[in-house]
Student: 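Pasting a structure here, questions to come.
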There are 2 protein chains.
Amino acid sequence: MKQAKVTVVDVARAAGVSKSTVSLVLQGSSLVNEVTRARVGAVIRELGYVYNRGAANLRQSKSKIVGIVVNDLTNSFFAELAVGMDMVVQSAGYIQFMANTSENADRQGEVIASMREHGMAGLILSPARGTTAADLRPLVDSGIPVVLVARNVPGLKVSSVVSDGHAGAMAAVRHLIELGHRRIAFLGGFNDTAVFDERMRGFRDALLEAGLDASDELVISSAPSRAGGVVAVERLLSMADRPTAALCFNDAVAFGACDGLRSARIEPGVDFGVIGFDDVIEAKTAVPALTTVSVDPQGMGRRAAQLLLKQINAGDFDAEALVATVRLVVRESCGAPQRVRELTA
Amino acid sequence: MKQAKVTVVDVARAAGVSKSTVSLVLQGSSLVNEVTRARVGAVIRELGYVYNRGAANLRQSKSKIVGIVVNDLTNSFFAELAVGMDMVVQSAGYIQFMANTSENADRQGEVIASMREHGMAGLILSPARGTTAADLRPLVDSGIPVVLVARNVPGLKVSSVVSDGHAGAMAAVRHLIELGHRRIAFLGGFNDTAVFDERMRGFRDALLEAGLDASDELVISSAPSRAGGVVAVERLLSMADRPTAALCFNDAVAFGACDGLRSARIEPGVDFGVIGFDDVIEAKTAVPALTTVSVDPQGMGRRAAQLLLKQINAGDFDAEALVATVRLVVRESCGAPQRVRELTA
DNA sequence: CTCGTAATTTAGATCGTTCCAAATTTCAAG
DNA sequence: CTTGAAATTTGGAACGATCTAAATTACGAG
C-alpha cells in the first residue's frame, strides 16, 4: 500500500535527463526544449510524482503558507471573516495554517510559535482577548508581515483592518431617533475591549448630539454572545424607566435580545426596536429580519488577506491601517415597516 | 528590521559546541550533559533561534501537519466540527492546514493537492457535494491516512465518522407521533445526497411503523440552509391536506421553517411542531428553543481527529467506520413543551 | 598510573529541491 | 567545414535540520 515516494531524481532517471532539467520543467522555465518538457511531463504523471514543497522552501527560504489565527470560529462573524480570507489566499496559490484560539491568549501564543517554526510567510490575526503588544513583538520584529483584523492591539505598529465602529453606531442610533425613540440602550459586549469602547462612544455621541440622555445605566454589558444578549435584555426590562429601543454590540447579542424580548411577550420590531452590528449571514433571514450595521465580514477578510499578500510580496512595507466603511442596513427589527423599505429600495 | 535567521550552526558556534549537540538538545535527548544543555538553551533564547521544522521534516520525511478540508465553514455545524478537530489536533502538537471548499469539488481537489505537496501527515475531509471515489483514490493509495467526516463517499474504503441519521430521524418522528401528530412532513436538504437519503428513510420508516401516510408529497427538498427552510415551509403551507409538524433536514432548515411559519402567523412550537437535526449551538437559545436531534458536532470533530492521529501513529491501519450515536433533545419547538402541557392540563 | 567502560560530543552524509557556473549541443553564417 | 552565438542541459554546492558511527572525555577500579 505505502509506496516509496518518487523524487525529481527518479523522474530524471526515467526521462533520461538530469535533475536540474526536471527542476526547470517544474517551474515552467522557458529555457527547456519543447520536446524535453513534454517527455518529462509525461514521466511525472506516469510515476505519480508529488512535488515536495518543503524541500523547495528550504532551499529558497520562502514559503507559500500564511497563518490565520482566529479567536472564535463558532461565531459566524469570524467564520465569515475566515472564509473571506480563505478565498483570496487560495486563489493566490497560497495555503493557510488556520487555528482557533477560543479567546485563549496562551493557546494563541503556542499556535503562532508553531506556525513560525513551520515557516509561514505572514500572519493574519484576529487577536484573542487579552493579547498584549509584547506577545506579538518578537514575531513582528522578525520581519514577518502581520495583519490584525477585527480587533486592534494597542501599542503595536502593524497593519490592521477594522470596521468603523464609531460611525456605524452613530448611524444606527440616529436612525432609531428618527423613528421616534427617545430612550435608547446599548446592549452586550465586554466593556474592556477596544471594539466595545468604540461602538459605545458612537452610541453616546449620537445621543448627546440629539440632546438625549446618555447616562451609564443605559449601557448594559454582557458576554458578546446570544446567551449574553438574553441576559442583557433581562436587565434592561427590569429598569424603572424602560428604554424603547437598543443598539446591540453585535448580531449575536441582538438575536439574544430578540429571544429575551419574545419570552417577555414583547415583539421585537413592533413593540421594541433592536439594531445589531456585523450583518451576519443569518441577519437577513431571521424573523424579524435584523436591522444591523453591515460590516461585510467576508469583505473584511478578503481585504485583510489582500493586504497581507501585498506586504509579503513587497520586500519591505509600512504598517497600513484600513478602516472598513460601514453601512446601516434597515430591515425589520428596528420597527421600520418593511413596506417603506421596499419602496425606497 | 529584517534579521538574518539564526540556525543550529549559529547556535552551536555561539555555545561552543557542534551542531549535532544542539540538535540533541533540541529534541530533549538525555544523552547530553546537564550543563551543556543549559548553556545551549540559554544561547537559543538569547539569539532568538527559531526551529525550522521544514528542514527537520525533510530529513525525517514525516510531518506534524494534518489537513482539514471542509465544505462550508459558514454553516455552524461545520464550523463546530472544525473547532472540535482543532482542539485535539492542537493539543497533540500538530498543526493544521485548513481550507473551505464552498461545496466546490474542483477547488477541493486543488487544495488537497496543495496540502499533499506541503507534506501533510493525514487528512480529515468533509467532502464537497459531488466528490467521487476517483477524486480521492490517488491520495488514499499513497498511504496517507484519510478520515471522512459528516458525509461519506460511496465506493471508497477509508475511515469515516458519521452520525446515525436513520436512528435520529426515527426517534424524532416517533416523538412527534407520540405528541399526537398524524401528518408529518420532511423538510429541506438536497435529495441526491447520502445524508438526506438516510435521514429521510428514518423519517419514512417511523411513519410506516405507525401505519401513517408516508407518501412522496410529504418530502419537500430544498437547499439545506436557512433560506431553503423558508422556501420549503412555504411549499408545505400551500398543500391541500396540510401537515401539523415537520422533521427538518438540519437545524438551519428548521430555523428557516420557523421564520417562514411566523411570517404566515403560525407560531412554531404552538400551532406547528418543528424538529431540527444537528443541535447547532444556537438551537438551545433560539425562541422557541429548537427540539432537535443532537449529533454533537464538536464531539464528532474530536473523534475524527483522534481517529486520524491514531492512524498516523500506527504504521499501518484498517479503515474504521464510526457511527456517532444520536439523541433527541426535546425542547420547545416540537409543539408540546412541558410548560404548556402543564398549563393546559 | 593505566585501562575499560560509560558518558558525551562530533564529523559528515543525507533528505529533495534550487541555483550557479560551466559544459554541451544546435545552427546559421562565413 | 569552421566558428561563434544562442539554445539547452548538467554537475555539484547549497538550504537547515537529523542520524549514524566513530571519536573524545570522564571516571572508578586495579
Side-chain angles (χ1 to χ4, degrees), chain A residues 2-41 43-44 47-65 113-114 116-121 142, chain B residues 2-41 43-44 47-65 114-121 142:
Chain A
K2 203 163 254 174
Q3 320 185 340
K5 58 191 154 309
V6 3
T7 75
V8 287
V9 184
D10 302 316
V11 173
R13 191 168 20 235
V17 296
S18 77
K19 61 180 161 47
S20 305
T21 305
V22 177
S23 174
L24 255 14
V25 171
L26 252 20
Q27 26 201 320
S29 161
S30 61
L31 283 153
V32 42
N33 183 295
E34 200 53 50
V35 333
T36 318
R37 179 202 312 289
R39 181 152 37 97
V40 172
V43 171
I44 283 180
L47 297 189
Y49 165 76
V50 177
Y51 184 68
N52 183 334
R53 214 165 274 276
N57 291 345
L58 176 57
R59 180 64 228 257
Q60 305 180 302
S61 57
K62 68 171 187 160
S63 82
K64 286 258 197 177
I65 304 177
S114 177
R116 243 186 119 181
E117 293 187 348
H118 280 94
M120 65 175 168
S142 77
Chain B
K2 204 162 249 172
Q3 319 186 340
K5 56 190 155 313
V6 2
T7 76
V8 289
V9 184
D10 302 314
V11 173
R13 190 166 21 235
V17 296
S18 78
K19 60 179 160 51
S20 306
T21 304
V22 177
S23 174
L24 255 12
V25 171
L26 252 18
Q27 28 200 320
S29 163
S30 61
L31 270 82
V32 43
N33 184 295
E34 200 53 48
V35 334
T36 318
R37 179 202 313 288
R39 181 153 38 98
V40 171
V43 171
I44 284 179
L47 298 188
Y49 166 76
V50 178
Y51 185 69
N52 183 333
R53 215 166 274 278
N57 291 345
L58 175 56
R59 180 63 226 261
Q60 304 180 303
S61 59
K62 68 171 187 162
S63 82
K64 286 259 196 176
I65 304 177
S114 176
M115 289 179 180
R116 241 185 120 180
E117 294 187 347
H118 279 95
M120 64 176 169
S142 78

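Here is the naming used below: chain letters follow the sequence lines, and residue numbers restart at 1 for every chain. Quick caveat: nothing in here was measured; it's all calculated off a predicted structure.
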Student: My understanding is that only residues two or more places apart in sequence, or in another chain, count here; which of them pass salt bridge (Lys or Arg N to Asp or Glu O under 4.0 Å) with Arg53(A)?
Tutor: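 Salt bridge (Lys or Arg N to Asp or Glu O under 4.0 Å) check on Arg53(A) returns Glu117(B).
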
Student: Side chains of His118(B) and Ile65(A): closer than 4.5 Å at any heavy-atom pair?
Tutor: yes

Student: On a heavy-atom basis, which atom in Ser63(A) and which in Gly119(A) lie closest, and how many Å separate them?
Tutor: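 Between these two residues, the closest heavy atoms are OG-O, 2.6 Å.
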
Student: Listed by chain and number, what are the side chain to side chain contact (heavy atoms under 4.5 Å, CB included) partners of Ser20(A), not counting sequence neighbours?
Tutor: Ser18(A)

Student: When the C1' atoms of the five terminal pairs at each end define the local axes, what inter-axis angle does the helix from dC1(C)-dG30(D) to dG30(C)-dC1(D) show, to 10 degrees?
Tutor: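 Inter-axis angle at the ends, rounded: 60°.
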
Student: Specify the closest pair of heavy atoms between Leu58(A) and Ala55(B), including all atoms of both residues, with the distance to one decimal.
Tutor: CD1-CB, 3.9 Å

Student: Would you be so kind as to tabulate the donor-acceptor pairs closer than 3.5 Å made by side chains of residues 24-31 of chain B, with sequence neighbours excluded?
Tutor:
{"unit_1": "Gln27(B)", "atom_1": "NE2", "unit_2": "Ser23(B)", "atom_2": "O", "d": "3.2"}
{"unit_1": "Gln27(B)", "atom_1": "NE2", "unit_2": "Ser23(B)", "atom_2": "OG", "d": "2.9"}
{"unit_1": "Ser29(B)", "atom_1": "OG", "unit_2": "Leu31(B)", "atom_2": "N", "d": "2.9"}

Student: Checking Tyr49(B) against Val8(B) for the side-chain contact (heavy atoms from CB on, under 4.5 Å) test, could you report, in this order, the C-alpha distance in whole Å, the side-chain angles of both residues, the deciding distance, and whether it holds?
Tutor: CA-CA 8 Å; Tyr49(B) 166 76; Val8(B) 289; 3.5 Å; yes

Student: Return the minimal non-hydrogen interatomic distance between Gly48(B) and Val6(B), and the atom names on each side.
Tutor: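 Closest pair (atom of Gly48(B), atom of Val6(B), distance): O-CG1, 4.3 Å.
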
Student: Mind checking side chain to side chain contact (heavy atoms under 4.5 Å, CB included) for Ser61(A) and listing every partner two or more places apart, or none if nothing turns up?
Tutor: Lys5(B)

Student: Dump every N/O contact between nucleotides 23-26 of chain C and the protein below 3.5 Å, one line per pair.
Tutor:
none

Student: Tell me which residues in residues 55-63 of chain A put a heavy atom below 4.0 Å from DNA chain C, sorted by number, or none.
Tutor: Ala55(A), Ala56(A), Arg59(A), Gln60(A)

Student: Shortest non-hydrogen contact from Val35(B) to Asn33(B)?
Tutor: N-OD1, 2.8 Å

Student: Can you sort out which residues in residues 23-34 of chain B have a heavy atom within less than 4.0 Å of DNA chain D? Ascending by number, please.
Tutor: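 By residue number: Ser23(B), Gln27(B).
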
Student: Test: salt bridge (charged side-chain N to carboxylate O under 4.0 Å, His left out). Region: residues 56-65 of chain B. Which pairs qualify, not counting sequence neighbours?
Tutor: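 Every candidate salt bridge (charged side-chain N to carboxylate O under 4.0 Å, His left out) pair involving residues 56-65 of chain B fails, so no pair, neighbours aside, qualifies.
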
Student: For Val17(B) versus Val22(B), what's the shortest heavy-atom pair and its separation?
Tutor: CG2-CG2, 3.9 Å

Student: Only pairs at least two apart or in different chains count here, so list each salt bridge (charged side-chain N to carboxylate O under 4.0 Å, His left out) that has a residue in residues 9-28 of chain A.
Tutor: Asp10(A)-Arg13(A)

Student: Is the phosphate of dT9(C) approached by Thr36(B) (side-chain N or O, under 4.0 Å from OP1 or OP2)?
Tutor: yes

Student: For chain A and DNA chain D, what are the first and last nucleotides along the strand, 5' to 3', with at least one atom under 4.0 angstrom from a heavy atom of the protein chain?
Tutor: dT8(D) to dG16(D)

Student: Short of 4.0 Å, heavy atom to strand atom, which residues of residues 10-18 of chain B count as contacting DNA chain D?
Tutor: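 When residues 10-18 of chain B is checked for heavy atoms under 4.0 Å from DNA chain D, there are no hits whatsoever.
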
Student: Let me spell it out: for each of Ser20(A) and Arg39(B), pick the nucleotide of DNA chain C with the closest heavy atom. Which residue's pick is nearer the 5' end?
Tutor: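 Checking each residue's closest nucleotide, the 5'-ward one belongs to Arg39(B).
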
